[in-house]
Structures are given as C-alpha cells and as structure tokens.
Amino acid sequence: MRRAGRHFLQIPGPTNVPDRILRAIDQPTIDHRGPAFRELALRVLAGLQRIFRTRHPVIVFPASGTGAWEAALVNTLSPGDRVLMYETGHFATLWYEMAKRLGLDPLFLESDWRSGVDPERIEQALRQDRQARIRAVCVVHNETSTGVTSRIPEVRQAIDRVGHPALFMVDTISSLASMPYEHDGWGVDVTVGGSQKGLMLPPGLSFTAVSPRALEAHRQARCARSYFDWSAMLEANARGFFPYTPATNLLFGLDAAIRMLEEEGLERVFARHARHAAATRAAVAAWGLETVCRHPAEHSASLTAVLLPEGFDADALRAHILERFDVSLGNGLGRLAGRAFRIGHLGDFNDPMLMGTLCAVEMGMREFGVPLAASGVVAAMERLSASR
Ligand SMILES: *Cc1c(COP(=O)(O)O)cnc(C)c1O
C-alpha cells in the first residue's frame, strides 16, 4: 500500500540524503581515467582533508565503514601484533572481533556499554606494557550502539603521559561532520569515517585519514592486503586517480556534500547537532526515561539511545512506530537488543524534523502503554525555543 508523505529515516545511519545530493549522484557516469574525473577526485580529496582537519592524505575506499576498519589494521600492523581496544559497545566489539580474525592479538578493556573510553584505564594498560608490545590503541569516538562519545584528546594525553609509541586509531564513522573532530590537532594517526551518517550520502564509501607516523608503520607492516592497500591508492590519488574503478557517482554526491557542509559552516553544523541532541535529552528526561549514556559529559550529539522500563520490548515498540507513522528508529544492538531504541538526529536535519520524530516516539509510546511522566515533545519544543 502506498504511504503518503515522507518516510522518516531516523536511525543513526544511513541518514536522510538531501535532494541536492541525490541530484548530484544522478548524472551520467564519467570516464574515471579522464580529465573531468581527475578534477573531481582532487577536489573531493582536498575537501575531505578540511572535514577531517588534516594536512595529510585521506583515502577513499568503495566500501562501507567496516572496510576502512580493516584497512586501518592491515596497513599498519603485522600478524600477532598486540593492539589495545576498549569495549564502549557493539561497534567497538565488532572492531575487536575483526582484529582477532585478522590474526592480531587484541587486548580488550571491558566496560559497561554506558560509558566512554576511560583515559586512566588506557594509561594504566600502557604503563603495564613495559616492553612496548602494544602497537596501536584503537577506540570508537562516537559509539553508535549507546549514544556515548569518548573524549579523544584525553585519550591522546593518556598515551603521551606514558610516552608510549603505539599508534592511535579512532573510528569516527558516526561523528565525522556532526561533532568537532581534529585528526591533526588531536594527534590521531588513523581516523576512519563513512559516507552514510554525518556526510549525508548513501552507504558505499569509507574514508581514512592517515598521519605520517601511520605511513611509516605502513612501510613495515606485514599483514596481507590487496584491495585495501594504502600504497597503491595513495600513488594513484596523487595523480587524481584510483587504482581500480571508483564509486564515481558517490563521489559526485560527496563533492556536493562537502560543499553543503562548508556553505553552512562546520561550526554551525556542530552547533545544530548539539542543540538537537540537547532537545532530545530534554524529551527523554520529561518522559521520565533514562538514556543509555550515564555521564553528562559523554552524551552524543548525533544520536540518543533510550532505555525502556522493564517489561517493554523496544523492538515491538519500534515496529509499532514504523507501522503507525512510517518513522524508522534504531534498534538496540548486542546486549541492548530489545531493551533500548535509538533516535538518530544527525545529518540533514532541522527543528520540525526533530519534532516530527519526537511526536511519533511519544505517540507510539503512549499507544504502546509505556508510562510517561510528562510530555517530552513539549519539553523539547521549549528547549529548542530557548536556544535559538
Ligand atoms: C555505522 C558504524 C560502523 C559500521 O559501518 P558500516 O558502514 O556499517 O560498515 C562502525 N562504527 C561505527 C561507530 C558506526 O557508527
């Protein structure tokens, strides 16, 4: 049956793709070895450096974010290398499992899935590593399963206090272009991003910012790699080309996305996300519900994960809201399955879109019988009006 009006895609990625980006993608594919492509490639690669805030190369793989995770590990490490990882939630766990499958020796600092990376625990683990066996520290900036953002500069400071030589790798797949991030300024060696979240594109591209130290490690690293080899990519990119067929039409979209972010201004983009996140939290508090995130300093600006009271199935609630209002919400992942739902408020988004989303959530919860203390919608509206 046809559903009138717009579908609300309020999962924390893929996000709503703006019409301007859809139109940019909807062009005839061009010769990826020709002069027009070269111009496009050089322009988007330079634009990505501004988004990651780096003077060093950014690599684009035709792959989802998971591909860039793999590339980060196999390009810098050798079989059996020890890496330090931190269990912020589902995505950190998937990266850890990948490291094991790739023949690395990851050390996983366990946590409660409600908190960010504790820099002191990173410091402690590095201090105990007297022979400097740990070759990399890998953390997720914005843990999309919990709505918790880790304080990356403090993790860098922890590594520096020990004077440990490990590389520092950060997953920014759901924070890039939604929250402040500085690849160079924060001393990160490898930053991984993806197209379908803050960058407002369809899925299919992943990005990797690479520091000179990471490139140096790359030259010694012995993990097997072929499609994801950085060297072949960087060599071709320097001339404005790719070593194999790129996702040309997604690059048209990326070109438009970078332009849109810069027209709005990254600082304003970040402020917009922070404001929508604050209004969403005001709604959650008014409802009398709890966010998965425990610590006020660690709330994510790109999504909010909400815990339902005991006895309510979050997946059944999401199914109800989709059926009634054509609004998609994120499911609880891993150990939060059935207990939490996630509201994505990142990407191409404004006040009425947020209010429409929160109205659907509130109506859905009332119809579902979830006891609510007060109207979250009214609280969110008040917050938005107070912070124009
Ligand atoms: C979405 C996401 C991923 C996975 O990316 P895919 O594009 O699905 O491969 C990894 N890490 C984080 C933090 C994410 O939000």
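Worth saying up front: this structure is predicted, and the values here are computed from it rather than measured. Throughout, numbering of the chain's residues begins at 1 and tracks the sequence. Every number for a ligand or one of its atoms is a count from 1 in the order of the listing.
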D171 contact mode with ligand 1 (heavy-atom cut-off under 4.0 Å): side chain

Nearest-neighbour protein heavy atom for atom 15 (O) of ligand 1, which is reported as residue plus atom name and distance: T144 OG1, 2.4 Å

Contact atoms of ligand 1, heavy-atom distance to S64 under 4.0 Å: 6 (P), 7 (O), 9 (O)

Contact (N/O only, under 3.5 Å) between N142 and ligand 1: no

Close approach, W69 and ligand 1, non-hydrogen under 4.0 angstrom: yes

Check: G65 N/O within less than 3.5 Å of ligand 1 N/O: yes

Sub-6.0 Å ring centroid separation between F228 and F61: yes

Single hit among V188, I152, D171, T88 for side-chain contact (heavy atoms from CB on, under 4.5 Å) with V139: I152

Backbone or side-chain N or O of Q196 under 3.5 Å from ligand 1 N or O: yes

Ligand 1 atoms in contact with V140 (distance to a heavy atom under 4.0 Å): 13 (C)

Contact check, K197 vs ligand 1, heavy-atom distance below 4.0 Å: yes

SB check R133 D81 (cutoff 4.0 Å): no

R23 with D26: basic N within carboxylate O range, under 4.0 Å: no

Heavy-atom donor-acceptor pair, R342 side chain to T144 backbone, under 3.5 Å: yes

Ionic contact status for R272 with E264, cut-off 4.0 Å: yes

Flag, side chain of E143 to backbone of A92, donor-acceptor distance under 3.5 Å: yes

